[in-house]
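Remarks on the structure that follows.
Note that the coordinates shown come from a computational prediction; the quantities given were computed from them, not determined experimentally. Order of the sequence lines sets the chain letters (A, B, ...), proteins ahead of strands, with each chain counted from 1. Note: hydrogens, waters and symmetry copies are ignored here, and every other heavy atom, side chains too, is used.
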Number of protein chains: 2
Amino acid sequence: MDKTAQKILLKRLKLVAEIDAEDEADILALPVTMREFEAGIDIVSEGQFVRQCCILIDGFTHRYRHTLEGKRQIIAFHVAGDIPDLHSLHMNYMDHSFAATAQSRIGFIAHDAVWDLCVRRPRVAAALWRETLIDGAIFREWIVGLGRLSGQSRTAHLLCELAMRMQAVGLAPDHVYRLPLTQHELADALGLTVVTVNRVLRDLRIAGLVDRERSRMAIRDWDALARLGEFDPRYLHFRVPVMMSREAGREPG
Amino acid sequence: MDKTAQKILLKRLKLVAEIDAEDEADILALPVTMREFEAGIDIVSEGQFVRQCCILIDGFTHRYRHTLEGKRQIIAFHVAGDIPDLHSLHMNYMDHSFAATAQSRIGFIAHDAVWDLCVRRPRVAAALWRETLIDGAIFREWIVGLGRLSGQSRTAHLLCELAMRMQAVGLAPDHVYRLPLTQHELADALGLTVVTVNRVLRDLRIAGLVDRERSRMAIRDWDALARLGEFDPRYLHFRVPVMMSREAGREPG
DNA sequence: CGTCGGCTTGAGGTCGGTCAACTCATGTGG
DNA sequence: CCACATGAGTTGACCGACCTCAAGCCGACG
């Protein structure tokens, strides 16, 4: 049996906490059901009561809500290894929706199995708890951005955040990564409109900070972009600091 | 020895999870150190590495960050019973500050003691985890508001949220509660300026929705305010639904 | 009784929204 | 192979919610 999902989960949990051999065995033994979702499809919808968690194997997903006026606000983006609805383990009413941004493979793990694991392996429980706390730390950062930063800065911040999170799972070599988002989706995450996002991206491109074509995003001047976005990666609470400035990140030799 | 802090914690945890007699005994046995803080004083500051959690006994506190421009964004408000920095149990680097809005009594509990409790009492660990998840759910709600609602709606939403959270701990009878916030602090929470907040509050008062004088906040028309703020309390994930509309909330007889 | 912090209000500016048109790449069917 | 539709991106013109600046007000307090 293919253990892709379990291995990705394991790798992620090792990134946020200490995991020993016994923990590892139990994680690898988790029963996971795989499913594929096309872009734009809801994986879990607001209002549902769920009995399983999702782990993103590959692809790109987001969480969102609509206002009564029909405006959409994207609350979070998720990349491979993320467990976007882990919170449902404790609050199984979904107060927002979770959808595939691009085609995505999702592993489903029954809450019962996760509970069981948490009871037997407190260290894993701690790691999962920590995962949800990092989720929360990212929310806080978005609040600061939405409340007090300009559209430009917010955009810069988001691009830095995604670059760093993708780099952590090996998906953003040289600050180049696949960002399968329309400008409309970016706008709904940044609290802006498509028109503004378009202009912001144009300005960032002209200033030589980023270079975007199709779903490929390239950060050309990390330091400048991070400065503009007031990006301080410590809020991501990686166990091992990740260096991103131009000078760093190259293997010695 | 006075067990005020432990009792408040116990009451709160019972609100979010099932707690049995043994759990209760261990919670009441937690060592807590009390301290008083004046309004405006940092209880924990950004950048610190902390080794204890805080529980708010009484008063009013908030969490905040500053942008490089010096603008402040308030990330959360906290009322009696809240554990504002519970996340520090797993991520002891503080990525934001935590301060007393009004004079407040705070109980400090060493992380070690909480860890110990979590290991011995998985049910309590689950309750605490759940607490942090509700914190996160509130962040999500704020993101939606900051990104996609008007200043008016955001303000209405915040006033509803605080009313309901205070009602849950018995501090908002008849939708009247103590809100010891300056308009400046409200503005920094809502992503607005003092001037705008002033005008929004005036309009809400004129429309007969709220009535505010000094630090006393009275919601006059809950239904209208909730509608304006698109306030759906399910995101607070109370175990027992709280009814707030005009018709409800009165004791029968 | 003067000062200070918070509240209130007016006048004018701006960032980002709205509306609308055009381009461009992709895909589909005749 | 072209006609056409579709969806994303791009740009201009105008508008409005909210910001900035500034002044006056009021109660608390020394």
Just how far, in rounded Å, is [atom2] of [N] from [atom1] of [X]?
{"X": "L190(B)", "N": "dA17(D)", "atom1": "CG", "atom2": "C1'", "result": "15 Å"}
{"X": "D203(A)", "N": "dC15(C)", "atom1": "CG", "atom2": "C1'", "result": "13 Å"}
{"X": "L186(B)", "N": "dT8(C)", "atom1": "CG", "atom2": "C1'", "result": "15 Å"}
{"X": "D211(A)", "N": "dG9(D)", "atom1": "CG", "atom2": "C1'", "result": "15 Å"}
{"X": "E185(A)", "N": "dG7(D)", "atom1": "CD", "atom2": "C1'", "result": "12 Å"}
{"X": "R148(B)", "N": "dC18(D)", "atom1": "CZ", "atom2": "P", "result": "13 Å"}
{"X": "L201(B)", "N": "dG6(C)", "atom1": "CG", "atom2": "P", "result": "15 Å"}
{"X": "E69(A)", "N": "dT18(C)", "atom1": "CD", "atom2": "C1'", "result": "13 Å"}

Quiz item: According to a strict under-4.0 Å criterion, is R202(A) in side-chain N/O contact with OP1 or OP2 of dT11(D)?
Solution: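 Answer yes for this pair, as a side-chain N or O of R202(A) is under 4.0 Å from OP1 or OP2.
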Practice problem: Give a yes/no answer on whether the side chain of N198(B) brings an N or O atom under 4.0 Å of OP1 or OP2 in dT8(C). | Solution: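 It does, given that an N or O in the side chain of N198(B) lies less than 4.0 Å from OP1 or OP2 of dT8(C).
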Measure from the side-chain heavy atoms of [X] and tell me the nearest of [options].
{"X": "T196(A)", "options": "dG16(C), dG6(C), dT20(D)", "answer": "dG16(C)"}
{"X": "R212(A)", "options": "dG16(C), dT18(C), dG9(D)", "answer": "dG9(D)"}
{"X": "L192(A)", "options": "dT8(C), dC19(D), dG16(C)", "answer": "dG16(C)"}
{"X": "Q183(A)", "options": "dT10(D), dA8(D), dG17(C)", "answer": "dT10(D)"}

Exercise. Would you indicate what G191(B) reaches in the nucleic acid, counting non-hydrogen atoms under 4.0 angstrom: base, sugar-phosphate, or nothing?
Key: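 Touches sugar-phosphate only.
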Practice problem: Indicate, with a heavy-atom threshold strictly under 4.0 Å, whether T193(A) touches base, sugar-phosphate, or nothing. | Solution: base
Self-check item: Counterpart residues, side chain to side chain contact (heavy atoms under 4.5 Å, CB included), relative to T33(B) (two or more places apart)
Solution: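 T33(B): side chain to side chain contact (heavy atoms under 4.5 Å, CB included) contacts with F108(B).
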Exercise. Check salt bridge (Lys or Arg N to Asp or Glu O under 4.0 Å) between R35(A) and all other residues, then give those that pass, not counting sequence neighbours.
Key: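 R35(A) satisfies salt bridge (Lys or Arg N to Asp or Glu O under 4.0 Å) with no other residue.
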Practice problem: Report the residues that fulfil side-chain hydrogen bond (donor to acceptor under 3.5 Å, both in side chains) with N198(A), sequence neighbours left out, ordered by chain and then residue number. | Solution: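 side-chain hydrogen bond (donor to acceptor under 3.5 Å, both in side chains) list for N198(A), sorted by chain: Q183(A).
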Practice problem: Go through the structure and list residues passing side-chain hydrogen bond (donor to acceptor under 3.5 Å, both in side chains) with S97(B), not counting sequence neighbours. | Solution: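 Testing S97(B) for side-chain hydrogen bond (donor to acceptor under 3.5 Å, both in side chains), a comparison that skips the adjacent residues, returns none.
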Exercise. Before accepting this row, confirm whether a basic side-chain N of the pair R63(B)/D135(B) lies closer than 4.0 Å to the acidic partner's carboxylate O.
Key: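 Yes, R63(B) and D135(B) are salt-bridged.
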Quiz prompt | Per-nucleotide protein contact string for nucleotides 22-30 of chain D, where B marks a base within reach and S marks sugar-phosphate only (heavy atoms under 4.0 Å, - for neither) | solution = -----SS--
Exercise. Describe, in one word, how the ring planes of H62(B) and F77(B) are oriented to each other, choosing from parallel (under 30°), tilted (30 to 60°) and perpendicular (over 60°).
Key: perpendicular
Practice problem: With sequence neighbours excluded, tell me which residues meet ring pair (Phe, Tyr, Trp, His ring centres under 6.0 Å) with F37(B). | Solution: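 For F37(B), no residue satisfies ring pair (Phe, Tyr, Trp, His ring centres under 6.0 Å) once neighbours in sequence are set aside.
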Practice problem: Spell out yes or no: do the side chain of R199(A) and the base of dG9(D) have one donor N/O and one acceptor N/O closer than 3.5 Å? | Solution: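 Answer no: no donor N or O sits under 3.5 Å from an acceptor.
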